[in-house]
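See below for the structure under consideration.
Since this is a predicted model, take the numbers as computed values, not measurements.
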Amino acid sequence: MDRKKKREMTLHHAVSAIGGFLGCYAIFNHNDVFGNAQTANLIHIVCKIFSADFSGILFLVAGLAAFMAGNIFYVLATRHLKADIRAISLIMTICAVIFMGMFPHVINPYIAVLPILFVTPVQWNAFGTAGGYASATVFSSNNVRQATTSLVSYIMDKDKKMLEKTRFYWMTLLCFHAGAALSCVTSVFCSTYSIWFCFIPILLSVAAYVRLEGFKIRRVLGIPAKAGK
């Protein structure tokens with residue numbers, strides 16, 4: 001495996017830890033609301049409509065709107081901003097974490113996770129592939145599918161490419177749930193203030209990004225490349 005591909009995977013795994021942290025933070029601190037995706041949210045909307053229970057439906061719709069807005073922002077940013085969308089995603093996540101840390105006590109769970117609902121689709125799109133593999137950093141369903149099928153394929157065929165694929169997806173799952181575990185442990189002791197601990201995977205992701213794109217960053221900043229690089 002070449003160095004660039006390996007560093008792409010390292011960055012992907014670090015960002016997956018952010019996704020795991022934010023997902024667990026929302027569930028643990030805000031009434032089991034999963035702020036990284038919309039499947040459960042949309043089902044709740046349908047259930048409320050057909051059961052004529054319209055309490056809280058505006059908050060559900062607001063969550064959907066925030067998630068859609070994050071996707072819209074991604075499309076506009078990739079078309080009109082010259083900066084790397086991965087760097088933009090990390091900066092937006094930092095801003096969201098700071099905002100939630102400054103206002104941790106929001107009563108309605110859907111309002112509380114709006115920043116997460118906005119930044120996670122940007123992250124999902126920005127870090128959607130690594131090393132030639134498509135993989136989400138904000139939830140696990142497809143990663144579990146890919147990890148399982150590639151593992152079985154490797155066991156049956158002994159294909160080294162399947163072994164590499166297996167390692168990539170299982171490591172993505174491990175990092176995602178390591179971030180979730182960090183969020184869970186810190187939430188037990190710090191409640192909503194645990195959001196500040198998200199800076200641990202964020203800083204790891206920033207370091208991985210700088211390591212991957214160091215040459216481009218030095219060029220943008222006007223810093224001469226090191227001799228021999």
Side-chain angles (χ1 to χ4, degrees), residues 2-23 26 34-42 45 60-100 110-111 113-143 146 168-169 172 175-176 179 198-199 201-223 225:
D2 63 70
R3 183 168 60 180
K4 182 179 179 181
K5 184 175 181 180
K6 187 175 181 179
R7 289 181 177 180
E8 283 182 357
M9 291 181 176
T10 299
L11 173 59
H12 184 86
H13 293 145
V15 173
S16 294
I18 298 176
F21 187 102
L22 293 176
F34 185 47
N36 292 14
Q38 282 296 291
T39 303
N41 192 14
L42 288 169
I45 291 175
L60 290 168
V61 173
L64 174 61
F67 192 84
M68 293 175 65
N71 283 287
I72 293 170
F73 174 85
Y74 169 80
V75 174
L76 295 177
T78 53
R79 293 188 178 215
H80 300 293
L81 298 180
K82 295 182 179 180
D84 187 347
I85 189 61
R86 295 171 299 174
I88 294 173
S89 173
L90 290 173
I91 292 170
M92 290 176 62
T93 300
I94 290 171
C95 293
V97 168
I98 292 174
F99 181 82
M100 288 185 289
Y110 291 99
I111 296 299
V113 301
L114 285 182
I116 296 176
L117 285 164
F118 182 76
V119 299
T120 48
V122 179
Q123 178 183 313
W124 180 13
N125 287 297
F127 296 94
T129 60
Y133 302 116
S135 171
T137 61
V138 296
F139 51 81
S140 298
S141 297
N142 184 61
N143 293 329
Q146 294 281 12
F168 171 78
Y169 282 104
T172 301
C175 292
F176 181 90
C198 191
F199 273 103
I202 286 175
L203 291 175
L204 291 174
S205 298
V206 171
Y209 177 78
V210 171
R211 190 164 180 259
L212 173 64
E213 301 293 352
F215 178 77
K216 292 182 181 179
I217 294 172
R218 287 193 295 270
R219 186 175 61 184
V220 170
L221 297 177
I223 301 174

In this structure, CZ of R3 is separated from CG of L212 (nearest 0.5 Å) by 10.5 Å
Closest approach of L117 to G63 (non-hydrogen atoms, all atoms of both residues): CD1-CA, 3.5 Å
Nearest heavy atoms of N41 and Q38, plus distance in Å: ND2-OE1, 2.6 Å
Please check if the side chain of Q123 supplies one atom and the backbone of V15 the other of a donor-acceptor pair under 3.5 Å. yes
Examine distances only and state if a side-chain atom of N125 and a backbone atom of Y74 form a donor-acceptor pair shorter than 3.5 Å. no
What closest approach, in Å, do A77 and I85 show between heavy atoms, and which atom pair accounts for it? CB-CD1, 3.7 Å
Residues in side chain to side chain contact (heavy atoms under 4.5 Å, CB included) contact with I72, at least two apart in sequence or another chain: L76
Could you go through the side-chain contact (heavy atoms from CB on, under 4.5 Å) check for L204 and F199 one step at a time? CA-CA 8 Å; L204 291 174; F199 273 103; over 6 Å; no
Determine all donor-acceptor pairs shorter than 3.5 Å in which one atom belongs to a side chain in residues 91-100; sequence neighbours excluded.
residue, atom, partner, partner atom, Å
T93, OG1, S89, O, 2.9

Rounded to the nearest 0.5 angstrom, the CD1-CZ distance for I202 and F21 is 8.5 Å
With sequence neighbours excluded, residues passing ring-ring contact (aromatic ring centres under 6.0 Å, His included) with F168: H12, H13, Y133
Give the intermediate values and the outcome of side chain to side chain donor-acceptor pair (under 3.5 Å) for residues N36 and T120. CA-CA 6 Å; N36 292 14; T120 48; 4.6 Å; no
Looking only at non-hydrogen atoms, find the nearest pair between V138 and F34 and report the distance. O-CZ, 3.6 Å
List the atom of T129, the atom of A134, and the distance in Å for their closest heavy-atom pair. CG2-CA, 4.0 Å
Partners passing ring-ring contact (aromatic ring centres under 6.0 Å, His included) against F139 (at least two apart in sequence or in another chain): W124
Lys/Arg-Asp/Glu bridge criterion (N-O < 4.0 Å) met for E213, R86: yes
Partners meeting side chain to side chain contact (heavy atoms under 4.5 Å, CB included) with T10 (sequence neighbours left out): A208
Any donor and acceptor pair, going by atom type alone, linking the side chain of E8 with main-chain N or O of G131 inside 3.5 Å? yes
Shortest non-hydrogen pair, A26 vs V113, comes out as CB-CG1, 3.6 Å
I want to check something: taking the side chain as every heavy atom from C-beta on, are T137 and T172 in contact at a cut-off of under 4.5 Å? no
Do Q146 and N143 pair up side chain to side chain, a donor and an acceptor below 3.5 Å, judged on atom types alone? no
State whether the side chain of N71 and the backbone N or O of F67 hold a donor-acceptor pair below 3.5 Å, judged by distance alone. yes
Do side-chain atoms of R7 reach the backbone of R211 as a donor and acceptor pair under 3.5 angstrom? yes
Test your reading of the model: is there a side-chain donor-acceptor pair from S205 to the backbone of A14, 3.5 Å cut-off? yes
Check: L22 and C198 side chains under 4.5 Å, non-hydrogen atoms: yes
Would you please name every residue forming a side chain to side chain contact (heavy atoms under 4.5 Å, CB included) with A87, sequence neighbours left out? D84, Y209
